[in-house]
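Working notes for the structure below.
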Amino acid sequence: MEDPEAQPGEDPVIKPLNLDHHFAESPAESVTKVAKPGKSSEAAKPKVSAPANSTRKRSDTRNGSELSSGFARSTVSSSLRSSNSVAVTRRNSTGGLSEKSSASTARQQNNTSSIAGKKPSTLLATESVRRSLPELRGSSLSSSATKLTPRANLSETRKSVPVSPVGRSLSTSTASGTSIQKTLRKSTVKPSSSASSSLKKISSSSLDSTASSASKKTISKVSSPITRSPTVSSGLRSGSLSSSLDRSSNLSGRKKAATPESRDSHFIVLPQVEIKAGDDVRLDLRGHRVRNLNAGGLNLSPNLEFVYLRDNLLSTLEGVEILTRVKVLDLSFNDFKGPGFEPLANCKALQQLYLAGNQITSLISLPQLPNLEFLSVAQNKLKSLAMASQPRLQVLAASKNRISTLKGFPYLPVLEHLRVEENPILKMPHLEAASILLVGPTLKKFNDRDLSRDELALAKRYPTHTALCIRDGWEFSRPEHAADSTFRFLFEQWKDHFPPGYLLKEASIDKPFEEDACRCHIVFVQESTLSIDSDIILKYKWFLGERTLSNFTAIPDVNGEVYWPKHEDINKILKVECIPVLGETEYPSIFAISSPVTRGNGIPKVVNLEVHGELVEGNVIKGHAKVAWCGGTPGKGVASWLRKRWNSSPVVIAGAEDEEYQLTLDDIDSSLVFMYTPVTEEGAKGEPQYKYTDFVKAAAPSVNNVRIVGDAVEGNVIRGVGNYFGGREGPSKFEWLRENKETGDFLIVTSGTPEYTLTKEDVGRRLAFVYIPINFEGQEGESVSIVSGTVRQAPPKVTNVKIIGDLRENSKITVTGAVMGGTEGSSRVQWFKTNSSTLNGENELEAMSTSKVAKAFRIPLGAVGCYIVAKYTPMTPNGESGESVYVITERVVETLPPSLNFLSITGDYSEGGILTASYGYIGGQEGKSIYNWYLHEVENDMGTLIHEVSGLLQYRVTKDAIGKFISFQCIPVRDDGIVGEPRTCLGQERIRPGSPRLLALQIVGDAVEGTILSVEKNYWGGEEGDSVFRWFQTSSDGSQCEIRGASGSSYMPTVDDIGFFISVSCEPVRNDWARGPIVLSEQIGPIVAGPPTCQSLEFLGSIMEGQRLSFTASYIGGERGDCLHEWFRLKANGIKEKLSSDEFIDLTLDDVGRSIELVYTPIRKDGIKGNSRSIISDEISPADPVGLALVIPDCHQNQEIVPLKTYFGGQEGVGKYTWHRTKTKPNGLVLTDISSSSEDVMCGQTFSTYTPSLEDVGAYLVLQWLPTRVDGQSGKPLVAISSSAVIPAPPAVSSVHVKQLTSGIYSGEGEYSGGYEGSSLFSWYRETSDGTIILINGANYKTYEVTDADYNSRLLFGFR
């Protein structure tokens, strides 16, 4: 598959499926982002062989499936139509996934039209990197069948030789707990020819040619008059490398990517190319056979942020250190073996690193990258994941490796996704639970699925230190055995460093709770067999960490067995290190790790209680409590003071409920008790604690704040007062002195009493009051005196002032009072109102009248809710006025309850009309009354609230109200919040719909042949029904004719429309069949011929050895000429071998395991060529193993038989051969079941060759051959029989020798071969000392008895 060719300045986007909830956009959001106002597109059912652009939803079927007369329907053989082949969706050359749902494709097309002609602006770096992050979810397959419905005159169909269909198994995969069906790929149906189906944004000039199954819907649109077919462009900008290198490199990259063995799309995660970034920050050299990063012309610079070097020949990272700002680095499918990742330490900004498809054996040299969020190391040779800690890594994809252990697993504090599919470690039981323990609570998905609840629950049952043990090599076991097993594991690590004579019995920490004592238990026991002089001493040090594998931080000043976790320690893990000390020797530390600190029980505790201050009467002492809140929100505790006298119980001091307390007289010679009960904000109370003080001492007698109380007016009683202090007060002394006007001296008037009644002698003079404090013991303190003002004569005065009357709105009230100080004259009264119930001076009063003689007053409306204040100023007849007296009412002025005296609705009761509500309010000042409009299906139902107009008096009738009654409800509310009875007014009639009409009508799309034109309209007038569309063709001379069969909301111009103008009319129709005026749109055009384009290209035939493969192609772009088509074989090394230019190709054994590429070049009749389009098949599968011929040549005893056989069906493997012998030559029926024939005897030979023995002589040999392919699949057995019986070998003898039987008797021995032995001939010879050999006559048997003539001679034995 190729990437769609991008416009100048843009690169193709390759975007896999998005994640859960982190990067996916909802369909609504996607459309909102990319849709251009005034344009729209609709989706339709896909058609396999029809053009991709013709797969839009169309409401015009042209009376079934017919088009205009200028088109001819191409045919497909019935064998193809009935084929059970299934379409298999394949990934594109850079690892992206195939088609998404129809809604996703529709969004892509809308985006295509919206960005036409625009150069994308540079995005923020973070957004670009996030957009390039791939989806972890593997693609799944669906079993949707496709239907071949080619468009007439727009496709080219090649008939294939009828072949047997090959079934493909269907599989599904589950991602995030949701089953997602994906489109299947099959050999007889076109695969996706571009990555457009997986894009959200594509170039505006690229042609979307996306194949889809029948269960999917796609939208395809050409938004530019000049469209270009997808090419093999690698995405490089002009000027990076030469165009020839660009093309060849891309082909190489794609061929490598297309091999399933080298790239498993289910596990390999590859990035999308960031097309928004400019050339200064992006480098895309995928598939350019780059061997060295320091090579000339590579143009690496520090400014690069997006670097794509996938599908190259890199084996070292030397030179990558220059990429100090790189964020996305794709090094997938190179020749890295590792280690050697140290140069990446300079890439501090790196966020995504792709190393899939290499030969990496270890990540131990991978440095810590502070911003790395995504790491893909799938399809390598890793045996473990040991590497440096990666503080921001969120996704680790390590599928298809050789990982067999979790030892050395790194600290990954924010890891969310972990994938280790197809690794030996999957055999480990409960691997998911072990991963949860190692990673921690941030892990969300394991092997591309949500975490199992069972595994999560299982992980919680393990001790906290289990992750450390796993990382150090502990063998994972069941949770019920984990505590003992991990302790033994740690014990074995520590035991060599224990103090001599001691063994570790326990190393644990209590479950920690917030602000509660947490104790560690490190127990060493002495071996009974050893005698130790000194005791062992344990030193403790506490640490705090985020999780088990994190770097723990020492807790300052905590070195005991107990630690009180703080509030900020919640959910963190405690670690205690214990250093055993024996004598003066410190031994290596051991440790224990706690479970996470749990929030306290919410019951606070008092840790310490103190009382500060000097215990002397009059001083302020303060109780201070140190509280452990144990998870509760710190609140204000309950403090109280108790007084404890000698030999009595403590008594609560009334009113002493603060932490501070001022010592009083009652506290002298008593001990105080400070009691504090901690209370949280939630109301949880802890246990009260007490603190006793010493006895309180008395202060020296003194007095302060001495003053004279009362008006210095004749006849009044004044009183001298002061605040005594200093123990119990005794008989203090008081004196009153009067001023002498002549001398100014003060002379004593009276003593012994603090009160004094003013007389006439005091008028015009001042008085002095002297206070001499004396305590109960008789100790006298310093005296204090105060001087009054000059005594005045008594003025007129009013008393017993009252306001009488009904305190309601508009009622009359009157003020009354008794005037003293002579005869009352014309006293004055002024009325005020206030919001306060207490008098705080005239400045806070609002006058409602001027000062008048009249004492009656009518309450105005403005006084409702206020208190009434009367100012009464007494006056004598001579005009002397006394002190004004204010009186306030006990309650506020009341008003009538709020209500409505009328309510009505006026206006137009039709769609678009305005209805206005009116009402009359009574009952005080109106507040914010409540307005609501309701819709009613019938007059007496409850109605549905119209939220949009709540609080408004006007309502513009919308389409939703048509056919319904409307009502208005008003709830009167007074300004003081009092709510009256609601009142509702129902409209007089049902809402009528407006007359249907179109507010706007236009054609959206480009006037190019093969491009879909859509109607964009703005309808008004009730619910729209099936509005009527008619499309018209207008010639240059103005003559117009209706396009037959074009009656939908979209239309695709055909070759017959070239040179004509296109317009559309629409008659609006309401859902009740009411019709509005017909509106004719403006013309668009003239329609121009599109460039010659191959809209779709697909194989026809079975992708199997021995079958004939043809193709079908759809063409647009004027009248078609002689289009070119070339067949290539793709080899494993990336080289293409041209096979032919015929209309079909016969698949042979040389094609098995390889893919076939078809390159189709559309050519218009005038010779103009369009962009070539190519498709690549799946790997050619071998045929079923078949034995075509089997012949056994002539059979001779002791001569090896090599049968002659002919095999077909892929690469031949090791077949199974079974030899049989039979005395009689079997017929064909017996041959079919030769092994079960009772007359046959099996030879026991299972090799392809066989050497007949003596037992086979005279018998017929039968060979049963089970043809077997190299992958182990077997075909039907083939049986052959020898043409003649086994011929015996020529008689021969070997190993002839003489054997002495007894003294003087010898036997001649020899091994006979060559059929069954007959009457062999024996002879004996005598060899004399001179070498003469003499035949012994008569010696013709195998045994021979020595005679006298044989002495001094050798005997020879002859066997013939």
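Side chains included, hydrogens not; waters and symmetry mates left out as well; all remaining heavy atoms used.
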Tell me, with the steps shown, if Asp667 and Thr664 meet side chain to side chain donor-acceptor pair (under 3.5 Å).
CA-CA 5 Å; Asp667 303 321; Thr664 64; 3.2 Å; yes
Angle between ring planes, [X] versus [Y], binned at 30° and 60°: parallel, tilted or perpendicular?
{"X": "Trp646", "Y": "Phe695", "value": "tilted"}
{"X": "Tyr886", "Y": "Phe832", "value": "tilted"}
{"X": "Trp474", "Y": "Phe476", "value": "perpendicular"}

Taking the six-membered ring for Trp, are Phe487 and Trp494 ring centroids under 6.0 Å apart?
no
Between Tyr771 and Phe734, is the ring centre distance below 6.0 Å?
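Ring-ring flag for Tyr771/Phe734: true, centres closer than 6.0 Å.
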With Tyr563 as partner, the option from Phe513, Tyr540, Trp542 fulfilling ring pair (Phe, Tyr, Trp, His ring centres under 6.0 Å) is Trp542
Short N-O contact, Glu568 and Lys566, less than 4.0 angstrom:
no
Presence of salt bridge, Glu894 and Arg808, under 4.0 angstrom
yes
With side chain to side chain donor-acceptor pair (under 3.5 Å) as the test, would you mind laying out the steps for His624 and Asn608 before giving the verdict?
CA-CA 8 Å; His624 176 72; Asn608 188 27; over 6 Å; no
The test is side chain to side chain donor-acceptor pair (under 3.5 Å); show your working for His417 and Gln394 and say whether it passes.
CA-CA 6 Å; His417 297 254; Gln394 300 178 23; over 6 Å; no
Under a 4.5 Å cut-off applied to non-hydrogen side-chain atoms, are [X] and [Y] in contact?
{"X": "Trp629", "Y": "His567", "value": "no"}
{"X": "Cys578", "Y": "Ile590", "value": "yes"}
{"X": "Pro463", "Y": "Thr466", "value": "yes"}

Out of curiosity, Arg478 CZ to Arg461 CZ, how far, rounded to the nearest 0.5 Å?
6.5 Å
Decide whether Glu682 and Thr633 meet the rule of one side-chain donor and one side-chain acceptor closer than 3.5 Å.
yes
